[in-house]
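Just so we're on the same page: letters track the sequence lines, and every chain starts at 1.
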Protein chains: 2
Amino acid sequence: MLSKNTLKFIKSLQQKKFRKEEQSFFVEGSKNVTELLQSDFEVTHLLFTEKFASEFHHFIPDSGVALFEVSQKELENAGTFQSNDSALAVAKIKDNIPFDLKSNEWAIALDDVRDPGNLGTILRIADWYGINKLLISNESADIYNPKVLHASMGSFTRVAFFYTDLEAYFTKSNPVIYGAFLEGENIYDVNFGDGGIILMGNESNGISHKIGKQVNRKISIPKYGHAESLNVAIATSIICDNIRRQEHIQSKRLR
Amino acid sequence: MLSKNTLKFIKSLQQKKFRKEEQSFFVEGSKNVTELLQSDFEVTHLLFTEKFASEFHHFIPDSGVALFEVSQKELENAGTFQSNDSALAVAKIKDNIPFDLKSNEWAIALDDVRDPGNLGTILRIADWYGINKLLISNESADIYNPKVLHASMGSFTRVAFFYTDLEAYFTKSNPVIYGAFLEGENIYDVNFGDGGIILMGNESNGISHKIGKQVNRKISIPKYGHAESLNVAIATSIICDNIRRQEHIQSKRLR
């Protein structure tokens, strides 16, 4: 039986302030919930319908998690989905721990990416292209926002992320930074090395002036028509694809 | 002065039923409105704020369009934007006229793409990559939905679109069709010719069985990590990029 207090607690996690206070977040839907249950996140609450229980019973933990079998209506009332007939899970926020970048690996850095849908989609793209590290400027969207997690389709469990002051981080670690600008070297001609940072900027203003000064290579996606710009998640996917494509072509030549 | 009836008329256009009845649609925001005013669409009403008038006065037509200078509040009340301090324009829906495909040009076809944001983003991508023809299955989202037009960022004025029964259309015109599947030839290895159809499927189910049978080349975006899939707009952009990149590399070799 879901108490009023538990319901209130879950609902409060829609707001960043309370997520921070409680060091907790939630995800909804069978895809994100089953991914969360298989990850190293510490799950504290699981709300699920009879339908979820029959389809995914082997995902439901035996102990350590407060379990609530609820109706679809109760589930929809607790979360943000208009329609949810499967599950909702609450977990603890992870500590914000920096990671090291090896010179032969790729990471993505986001300078003030504000839209939750974009951040979530970028997580999914990073996961698809096997890029498992994401640096996020402190001004960017909160990764624990339900809209981010939903758009990530479970990929938030597989990509390591670190919120930081990018300028200070880059000053210290001094990586090779490929920055996406409207006026840069055509990505089709760029010789991408073995690794580095793919830096993407704000939806309206692009990469900020102060971070732009740290960029080693300014790169651009060539335009063939008349659209003014591309969405930042689309641009990220195209750059990741160009890097993997170049590796693929080079490894074919070596064979 | 905006009459109650005009306001009611504009508001009704949020629904497909009334757009069809009135053969009219609207767009919001300075980007889409100025693009619309520069296009060959027949604009019937223009609502604009003082701010829009001072910034974009040369876009405001002298005749043929019912002009209304309104407050920001009136504008927001008429449209779907939470915040709109610029403009809203109503225009006539274009006739649904088929176009011919030349063998040396590219077009995109959408088989049951339901999400308005995806359709709008695909318009923007097509426009970016200079692909100016879009075939849309009758089950797909309505291009005149305000969410589609908003996501297209003005590109709906530059890409020709035709709603049709794809199966019948392909049977008649018999084009080369590159269909995006999860299991197909790696796009990095595909030898794209001079033109053809880039066929994308439904968000959940991909390309339908009956249209799939008409595909000449099944193609796939290679996966390096663990995300289950890519969003359909992202996948479209990556395929377009691979085609343009291949042309770029080939033309460099010929030089």
Sidechain-backbone polar pair: [X] side chain, [Y] backbone, donor-acceptor under 3.5 Å:
X: A/Asp127; Y: B/His226; answer: yes
X: A/Trp128; Y: B/Glu228; answer: no
X: B/Asp241; Y: A/Ile238; answer: no

Chain A heavy atoms under 4.5 Å from B/Asn186: which part of the residue, side chain, backbone, both or neither?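 Only the side chain of B/Asn186 comes within 4.5 Å of chain A.
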
Crowded around [X] [atom1]? As in, over 12 foreign heavy atoms under 6.0 Å?
X: B/Lys94; atom1: NZ; result: yes
X: A/Lys31; atom1: NZ; result: yes
X: B/Asp100; atom1: CG; result: no
X: A/Asn96; atom1: CG; result: yes

For the CG atom of B/Asn231 and the CD1 atom of A/Ile234, what is their distance to the nearest 0.5 Å?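 B/Asn231 atom CG to A/Ile234 atom CD1 measures 6.5 Å (nearest 0.5 Å).
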
With rounding to the nearest 0.5 angstrom, report the OG to CZ distance, A/Ser229 to B/Arg124.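 Those atoms lie 4.0 Å apart.
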
Between A/Cys240, A/Ala235, A/Gly130, which residue shows the highest count of heavy-atom pairs closer than 4.5 Å to chain B?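 Among the listed options, the one with the most contacts to chain B is A/Gly130.
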
Side chains of A/Lys252 and B/Asp189, heavy atoms from C-beta outward: is any pair under 4.5 Å?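 Result yes, sub-4.5 Å side-chain heavy-atom pair found.
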
Listing request: all salt bridge (charged side-chain N to carboxylate O under 4.0 Å, His left out) pairs with a residue in residues 107-118 of chain A, at least two apart in sequence or in separate chains.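 Non-adjacent pairs meeting salt bridge (charged side-chain N to carboxylate O under 4.0 Å, His left out): A/Asp112-A/Arg114.
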
With respect to chain A, which residue among B/Gly117, B/Ala151, B/Pro222, B/Ala126 yields the maximal number of heavy-atom pairs within a distance under 4.5 Å?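 Ranked by contacts with chain A, first place is B/Pro222.
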
Residues of residues 243-250 of chain A within contact distance of chain B, non-hydrogen under 4.5 Å: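 Those residues of residues 243-250 of chain A which have a heavy atom under 4.5 Å from chain B are A/Arg244, A/Arg245, A/Gln246, A/His248, A/Ile249.
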
Non-hydrogen atoms of chain B under 4.5 Å away: do they reach the side chain of A/Ile221, the backbone, both or neither?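 Contact with chain B is through both the backbone and side chain of A/Ile221.
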
Measure distances from A/Thr236 to the heavy atoms of chain B and classify the residue's part below 4.5 Å as side chain, backbone, both or neither.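 Neither part, no heavy atoms under 4.5 Å.
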
So, for A/Tyr129 and B/Tyr188, which heavy atoms are closest and what is the spacing to 0.1 Å?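 Of all heavy-atom pairs spanning A/Tyr129 and B/Tyr188, the closest is CE2-OH, 3.8 Å.
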
